[in-house]
Number of protein chains: 2
Amino acid sequence: MYSIGEFSRATGLTVKTLRFYHEKRLLEPRHVDPDSGYRYYHPAQFETARAIVALRSLEFPLEDIAAILAEHTDGGNLDEGDLIEFLRAHKAEMEQRLSHYQDVAASLNQIISRELEARTAMQNANYDVQEKTVDRQLVAGYRMRGRYQDCGQGYAKIGRAFGRHICGKALMLIYDQEYKEDDADFETCLPIRKGESKGEIAVRELPSQDCIALLHKGPYDTLNRSYNKVMTYIKDRGYEILSPCREVYLKGPGMIFKGNPKKYLTEIQIPVRK
Amino acid sequence: MYSIGEFSRATGLTVKTLRFYHEKRLLEPRHVDPDSGYRYYHPAQFETARAIVALRSLEFPLEDIAAILAEHTDGGNLDEGDLIEFLRAHKAEMEQRLSHYQDVAASLNQIISRELEARTAMQNANYDVQEKTVDRQLVAGYRMRGRYQDCGQGYAKIGRAFGRHICGKALMLIYDQEYKEDDADFETCLPIRKGESKGEIAVRELPSQDCIALLHKGPYDTLNRSYNKVMTYIKDRGYEILSPCREVYLKGPGMIFKGNPKKYLTEIQIPVRK
DNA sequence: GCTTGACCCTCCCCTTACTGGAGGGCATAG
DNA sequence: CTATGCCCTCCAGTAAGGGGAGGGTCAAGC
């Protein structure tokens, strides 16, 4: 028979933990001195302790461990096969947690890399009107009608459906030919790696296009000034404007904080035929 | 101003939670009626509530959230960029948990599939002496000298070093020409998918070999009876015995429980030249 | 036989992020 | 006058132990 300290050193469980397991009736010392209250453990209990440690390292809750052990107190011949359903159920639970942490880690990665990209975008920013060709890209889009301020709902919908496949900056396609306040026709889009349309969310590839582009720095309610610049540029050169035009939100309200609108960075892209 | 119930419905946080956040000074109602103690929230506090929800969904501890918010109580223009180091540190933490759950899920998978394999092995068992050819396989081996009962230490050593690359049943190579009790020369081996030798653990490929094999059912201390059968078979046919011979532990003491030795299943494989 | 130091005991509080409930105040509707 | 619906505070509980106070026990050395 071993005192609690000896048993602790032999099993690697702390004295506190052993007392706790005694209280929870998980691992009861074979003998307790009625006078002193000292706990004495039998060598045969090493095996039980080992099993508990193994189950704990697999994150089994103590309650389940107690149930498993109690189901087979008689001989100690308990076999893993006897608890295969237990193991399966627990595995499902663990996989759920696993995928939860995958999501969390992926979100953190996205936030961080998005911020870093925004930083470099900010540094390399060129606030002149530019002619450029945008690459084709796969997006999930949700078309809506109403006010631009309500676009958040659109992004949220797509985010919920394609969360972990998002791979770039949010953008918006604007189908109106002129600025509308209350009944705008637009489509919130998020670039994704892969996926298929479901319900109101359409997945498709946006084509490569020649664009006149301009970086707009500042809050959205001053976007019109930048639009004017682009339009003047286009008219001066006599290009034909194609629809829909795009806004790419290089830096806008974040996933956590809305940030300072003065630092928002938006790229206006007007597709044209030269 | 919103009562706690209204604010709760608007933010999705429960009333209890809001009171708790008040106590923790995370989200203090803008006004508290001194007479009734009623809490009243300002619409501007939606933004803070949203940020808290976002940070919580990323598993940030409340304490960190409080620190983040307190660092920038002034304007609400806090930007994700301002806390990028916070995010990085937290990401590291989350990835640690992620890999922990990956380990746990992998272990559970291994235990379950091992058990299922053992079951089919048990059903398709043929308890006659057989001539067979074993496939080559990559193993990590730890050679030791002493008593067979101490082999557990060898498997533990390999398990610690190659844990997640193990891909099959434990086996043992026996280098002695005859049975030895106390000073046996053997090597504990675990099949692995990939890996390289390190320290005392040697990784190498076991060759394909022609063997005389026999399934032994029962505890290890009755293995000698099965050995006798095999040896008789080999002598009768005049085959030449090659060294080392192998024992494959199809079903033995599990990772959690030692199980019932009467159900242990071991395959004896004696390599021969015919 | 006594002292000393190591060991052991119980009991209580602490952790996280909340949830549940008891007991009570206040106002409005029927 | 009662019922319902808000709201309040305070207490207790969760999982799996850890930390520490205050006090009893064991074995060895003198």
Side-chain angles (χ1 to χ4, degrees), chain A residues 1-41 48-49 51-69 90 93-94 96-97 100-101 104, chain B residues 1-41 48-49 51-69 90 93-94 96-97 100-101 104:
Chain A
M1 301 288 263
Y2 299 90
S3 75
I4 196 169
E6 290 161 344
F7 198 73
S8 159
R9 279 186 291 276
T11 58
L13 294 162
T14 69
V15 171
K16 280 281 189 192
T17 301
L18 287 170
R19 287 203 266 255
F20 182 63
Y21 288 172
H22 180 190
E23 183 191 331
K24 291 278 165 192
R25 319 203 53 176
L26 253 179
L27 179 57
E28 303 186 72
R30 178 121 342 156
H31 173 70
V32 179
D33 188 303
D35 296 335
S36 65
Y38 277 31
R39 293 166 177 85
Y40 291 99
Y41 293 85
T48 312
I52 294 175
V53 169
L55 289 166
R56 279 300 297 146
S57 78
L58 295 171
E59 303 258 309
F60 272 88
L62 291 189
E63 198 181 343
D64 289 11
I65 298 178
I68 290 169
L69 293 178
H90 187 64
E93 173 104 1
M94 290 301 102
Q96 205 170 316
R97 288 200 206 172
H100 170 72
Y101 281 107
V104 168
Chain B
M1 301 288 264
Y2 299 91
S3 75
I4 197 169
E6 290 160 345
F7 198 73
S8 158
R9 279 186 293 277
T11 58
L13 294 162
T14 69
V15 170
K16 281 280 191 191
T17 302
L18 286 170
R19 286 203 266 256
F20 181 63
Y21 287 173
H22 180 188
E23 184 191 331
K24 291 280 167 192
R25 319 205 53 177
L26 252 180
L27 180 56
E28 303 186 72
R30 177 122 345 157
H31 174 70
V32 179
D33 187 303
D35 296 337
S36 65
Y38 277 30
R39 293 165 177 86
Y40 292 100
Y41 292 87
T48 313
I52 295 175
V53 170
L55 289 166
R56 279 300 299 144
S57 79
L58 294 170
E59 303 256 310
F60 272 88
L62 290 190
E63 198 180 344
D64 290 10
I65 298 178
I68 291 169
L69 294 177
H90 187 63
E93 174 104 0
M94 292 300 103
Q96 207 170 315
R97 290 201 205 170
H100 170 72
Y101 282 106
V104 169

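Bear in mind that the values here come from a model prediction, so they are computed numbers and not experimental data. Lettering of chains follows the sequences in order, A, B, ..., and the numbering in each one begins at 1. Reckoned from all heavy atoms, side chains included, excluding hydrogens, waters and symmetry mates.
- One can place CZ of R97(A) at 12 Å from P of dA15(D), the figure rounded to the nearest angstrom.
- Contacts of A54(B) classified as side-chain contact (heavy atoms from CB on, under 4.5 Å), with partners at least two apart in sequence or in another chain: I256(A).
- Here the side chain of H90(A) pairs a donor or acceptor atom with the backbone of L58(A) at under 3.5 angstrom.
- From one end of the helix from dG1(C)-dC30(D) to dG30(C)-dC1(D) to the other, with five pairs defining each end axis, the axis direction shifts by 50° (rounded to 10°).
- Listed by residue number, R56(A), P61(A), L62(A) are the residues of residues 56-64 of chain A with a heavy-atom contact under 4.0 Å to DNA chain D.
- One interatomic measurement links the two molecules: CZ of F7(B) to P of dC8(D), which rounds to 13 Å at whole-angstrom precision.
- Looking at every heavy atom in both residues, T11(B) comes nearest to A49(B) through CG2-CB, 3.7 Å.
- When the P atom of dC6(D) is taken as reference, atom CG of L18(B) falls 15 Å away, rounded to whole Å.
- Taking CD1 of I52(B) as the start and CD1 of I68(B) as the end, the distance is 10.5 Å to the nearest 0.5 Å.
- Between L62(A) and R56(A) the shortest heavy-atom distance is CD2-CD, 3.4 Å.
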So which protein N/O to nucleotides 10-13 of chain C N/O distances come out below 3.5 Å?
{"from": "dT10(C)", "atom 1": "OP2", "to": "R39(A)", "atom 2": "NH1", "distance (Å)": "3.2"}
{"from": "dT10(C)", "atom 1": "OP2", "to": "R39(A)", "atom 2": "NH2", "distance (Å)": "3.0"}

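- Note on T14(A): a side-chain N or O is less than 4.0 Å away from OP1 or OP2 of dG18(D).
- Residues H100(A) and Q96(A) have side chains not in contact (no heavy-atom distance under 4.5 Å, counting atoms from C-beta outward).
- Judged as a salt bridge (Lys or Arg N to Asp or Glu O under 4.0 Å), not a single pair has a partner in residues 4-21 of chain B (not counting sequence neighbours).
- By the side-chain hydrogen bond (donor to acceptor under 3.5 Å, both in side chains) test, T17(A) is found to be paired with T14(A), residues two or more places apart in sequence or in another chain being considered.
- Contact annotation: the side chain of L26(B) approaches that of L69(B) to within less than 4.5 Å [non-hydrogen atoms, C-beta and beyond].
- Residues F20(A) and Y40(A) both approach DNA chain D. Their nearest nucleotides, taken by heavy-atom distance, put F20(A) toward the 5′ side.
- Residue T17(A) places none of its side-chain N or O atoms closer than 4.0 Å to OP1 or OP2 of dA16(D).
- Under the side-chain hydrogen bond (donor to acceptor under 3.5 Å, both in side chains) criterion, E28(A) pairs with R25(A), sequence neighbours left out.
- In this structure Y2(A) satisfies the ring pair (Phe, Tyr, Trp, His ring centres under 6.0 Å) test together with F46(A), sequence neighbours excluded.
- Distance I52(A) CD1 to dA15(D) C1': 16 Å, rounded to the nearest Å.
- Applying the side-chain hydrogen bond (donor to acceptor under 3.5 Å, both in side chains) definition to pairs two or more places apart or across chains, those involving residues 30-41 of chain A are H22(A)-R39(A).
- If you take CD of E23(A) and C1' of dA16(D), they are 11 Å apart, rounded to a whole angstrom.
- Here the closest heavy-atom approach between residue V32(B) and residue G37(B) is recorded as CG1-O, 3.8 Å.
- The stretch residues 26-33 of chain B has no heavy atom under 4.0 angstrom from DNA chain D at all.
- In this view, Y101(A) and E59(B), R97(B) satisfy the side-chain hydrogen bond (donor to acceptor under 3.5 Å, both in side chains) rule, not counting sequence neighbours.
- Among the heavy atoms of the strands lying under 4.0 Å from Y21(A) are primed sugar atoms or P, OP1, OP2 only; no base atom is included.
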Between the protein and nucleotides 26-28 of chain C, list the N/O to N/O atom pairs that are separated by less than 3.5 angstrom.
none

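- Spacing between atom CD1 of I65(B) and atom P of dA17(C) amounts to 8 Å, rounded to whole angstrom units.
- Residues F7(A) and L27(A) form a side-chain contact, since some pair of their non-hydrogen atoms from C-beta on lies under 4.5 Å apart.
- Rounded to an integer number of Å, the gap from D35(A) CG to dG23(D) P is 21 Å.
- Taking CG from L13(B) and CD1 from I4(B), the interatomic distance works out to 10.0 Å, rounded to the nearest 0.5 Å.
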